[in-house]
There are 2 protein chains.
Amino acid sequence: MARKQGSHAETTGPKVREAALHLFARHGFAAVSMRQIAKEVGVQAGALYLYTPDKQTLLFDLMQGHMEHLLASWQVPEGTPAAQLEGFCRHHIRYHLDRPELVFIAYMELRNLESENFAVIEGLRKRYEDQLEGILRAGQASGAFAVADTKIATLAIIAMLTGVNTWYREGGRLARSDVEGIYWDMVRKSVSA
Amino acid sequence: MARKQGSHAETTGPKVREAALHLFARHGFAAVSMRQIAKEVGVQAGALYLYTPDKQTLLFDLMQGHMEHLLASWQVPEGTPAAQLEGFCRHHIRYHLDRPELVFIAYMELRNLESENFAVIEGLRKRYEDQLEGILRAGQASGAFAVADTKIATLAIIAMLTGVNTWYREGGRLARSDVEGIYWDMVRKSVSA
DNA sequence: CCGCTATTTGAACAGGTGTTCAATTCGCCT
DNA sequence: AGGCGAATTGAACACCTGTTCAAATAGCGG
């Protein structure tokens with residue numbers, strides 16, 4: 001046997017990435033085999049290598065795509081530091097709740113990246129953190145905020161906001177906008193003067 | 001060949017748990033083989049099964065031991081809710097900075113637990129969260145705190161505090177007591193009335 | 001120094017790993 | 001209708017996986 005009915009690179013390629021996304025998120029990169037991914041796509045393992053050079057690259061592409069899309073999805077707007085901070089918090093929560101699998105992978109699978117790939121993802125992550133730190137520094141300078149250390153405050157806020165993904169489930173007690181509001185309220189007070 | 005020189009169950013047993021701890025933390029449960037653990041201990045793979053029934057139990061025992069020790073290490077003291085909250089925050093940071101590998105494993109390897117084991121660990125985790133939520137509820141009732149939702153505030157605070165493990169390195173810019181103070185300051189304000 | 005038990009080896013089992021590639025078939029263009 | 005290239009198979013490679021167990025040796029009490 002060889003080529004299958006209805007086979008096209010434009011459909012199989014995305015299917016491979018999607019299957020990898022779901023399986024990596026559910027079971028973890030190391031616990032998922034190329035044959036499992038192939039089975040989910042409906043293809044033999046060898047065919048995957050038409051769409052990725054290897055398993056590592058499959059992981060890296062998912063993470064890099066996520067981080068670059070995250071960075072492209074928001075810029076610091078004009079306005080007061082407080083308004084900028086609110087925009088950041090709401091966007092962070094919205095964006096993260098929209099793609100829990102990618103977020104989970106980007107956080108949990110860092111240690112499975114080869115060192116060069118790791119450096120790339122860390123660079124992107126740093127750029128994201130720098131946006132928040134810039135806001136905090138501006139607020140600190142203007143007297144709107146009072147944080148002891150902008151670097152730590154940055155990491156603390158991001159950790160707190162990203163934590164929403166560990167418990168939020170669609171159709172639960174709270175709507176997304178409620179969640180946004182509750183977290184923003186805590187962040188606002190935590191940096192207040 | 002058979003028994004080795006200087007071999008004693010009391011020394012080999014802990015060595016197995018320690019090797020598993022280091023290797024699971026560095027590479028992840030799924031990526032570490034029993035033969036790697038055995039090599040670190042200085043023993044053949046078969047010998048590990050004198051000290052654990054299987055690989056899964058090795059992971060579970062590490063996580064259960066960690067969570068139970070965490071619960072035993074602190075009780076809510078007498079005092080105002082604010083003082084209780086400060087005690088919780090400072091203890092959480094201190095405890096977590098003292099055993100980064102266990103904390104990392106207990107968080108990252110949840111998905112590698114079989115469902116019964118998972119339920120046990122989740123139960124312990126819930127008991128820990130309940131301590132913090134009790135403090136927040138008391139403060140809310142007395143008017144000392146103003147949080148929109150004590151459950152969310154609990155998870156947000158724990159996520160924020162636990163985040164310290166992702167960046168803190170011994171011998172860095174800040175001493176542990178500085179870190180404690182900075183985080184406590186943010187938490188205090190975030191729940192303030 | 002003997003004998004007993006605690007401790008470990010090393011081979012074996014049945015299967016799984018990522019990856020490559022010649023052979024084969026499908027879809028499309030002329 | 002024919003032929004060509006895109007898409008896929010399936011077998012093979014070399015090795016690793018968790019786990020079991022008979023056989024063998026080390027330590028120790030008498």
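Because the structure is predicted, anything quoted here is derived from the model rather than measured. Reminder, nothing fancy here: chain letters follow the sequence lines and each chain counts from 1.
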(message) Expressed as a whole number of angstroms, how long is the span from B/Q36:CD to D/dC16:P?
(response) 10 Å
(message) Check this for me, if you would: do B/D149 and A/R173 make a salt bridge, where the nitrogen-to-carboxylate-oxygen distance has to be below 4.0 angstrom?
(response) yes
(request) Output yes when B/R176 and B/E170 qualify as a salt bridge under the 4.0 Å nitrogen-oxygen rule, no when they do not. (result) yes
(request) Mind listing the residues from residues 45-53 of chain B sitting with a heavy atom below 4.0 Å of DNA chain C? Number order is fine. (result) B/G46, B/A47, B/L50, B/Y51
(request) Answer with yes or no whether the side chains of A/E40 and A/H22 bring together a donor and an acceptor at under 3.5 Å. (result) no
(message) A/E116: which residues meet the salt bridge (charged side-chain N to carboxylate O under 4.0 Å, His left out) condition with it, sequence neighbours left out?
(response) none
(message) Looking only at side-chain N and O atoms, does A/T154 offer a donor or acceptor that is under 3.5 Å from a partner on A/E129?
(response) no
(message) Let me check something: do A/I158 and A/L71 share a hydrophobic cluster, defined by ILVMFWY side-chain heavy atoms less than 4.5 Å apart, either directly or through other members?
(response) yes
(message) What is the separation between atom CG on B/L58 and atom P on D/dT19, rounded to the nearest whole Å?
(response) 10 Å
(message) Please confirm whether the shortest side-chain N or O distance from B/S33 to OP1 or OP2 of D/dC16 is below 4.0 Å.
(response) no
(request) Let me know the distance between NZ of A/K39 and P of D/dG10, rounded to the nearest Å. (result) 14 Å
(request) Have a look at A/L48 and tell me which of A/D54, A/V43, A/T12 forms a side-chain contact (heavy atoms from CB on, under 4.5 Å) with it. (result) A/V43
(request) May I have the distance from B/M34 (atom CE) to C/dG15 (atom P), rounded to whole angstrom? (result) 20 Å
Taking only N/O atoms, report every protein-nucleotides 27-30 of chain D pair under 3.5 Å with atom names and distance.
unit_1: D/dG27; atom_1: OP1; unit_2: B/G6; atom_2: N; d: 2.7

(request) Establish, from distance only, whether the side-chain atoms of A/H92 and A/Y128 form a donor-acceptor pair under 3.5 Å. (result) yes
(message) Whether A/Q44 contacts D/dG10 is assessed here as follows: a side-chain N or O lying under 4.0 Å from the phosphate OP1 or OP2. Is that the case?
(response) yes
(message) Under 3.5 Å, is there any donor-acceptor pair linking the side chain of B/R35 to the base of D/dG18?
(response) yes
(message) For a quick test of reading the model: is some side-chain N or O of B/T12 closer than 4.0 Å to OP1 or OP2 of C/dT8?
(response) yes
(message) By the definition side-chain contact (heavy atoms from CB on, under 4.5 Å), identify the one residue from A/L85, A/T150, A/V191 that meets it with A/I135.
(response) A/L85
(request) Look at all strands and tell whether B/V32 reaches a base, only sugar-phosphate, or nothing, counting heavy atoms closer than 4.0 Å. (result) sugar-phosphate
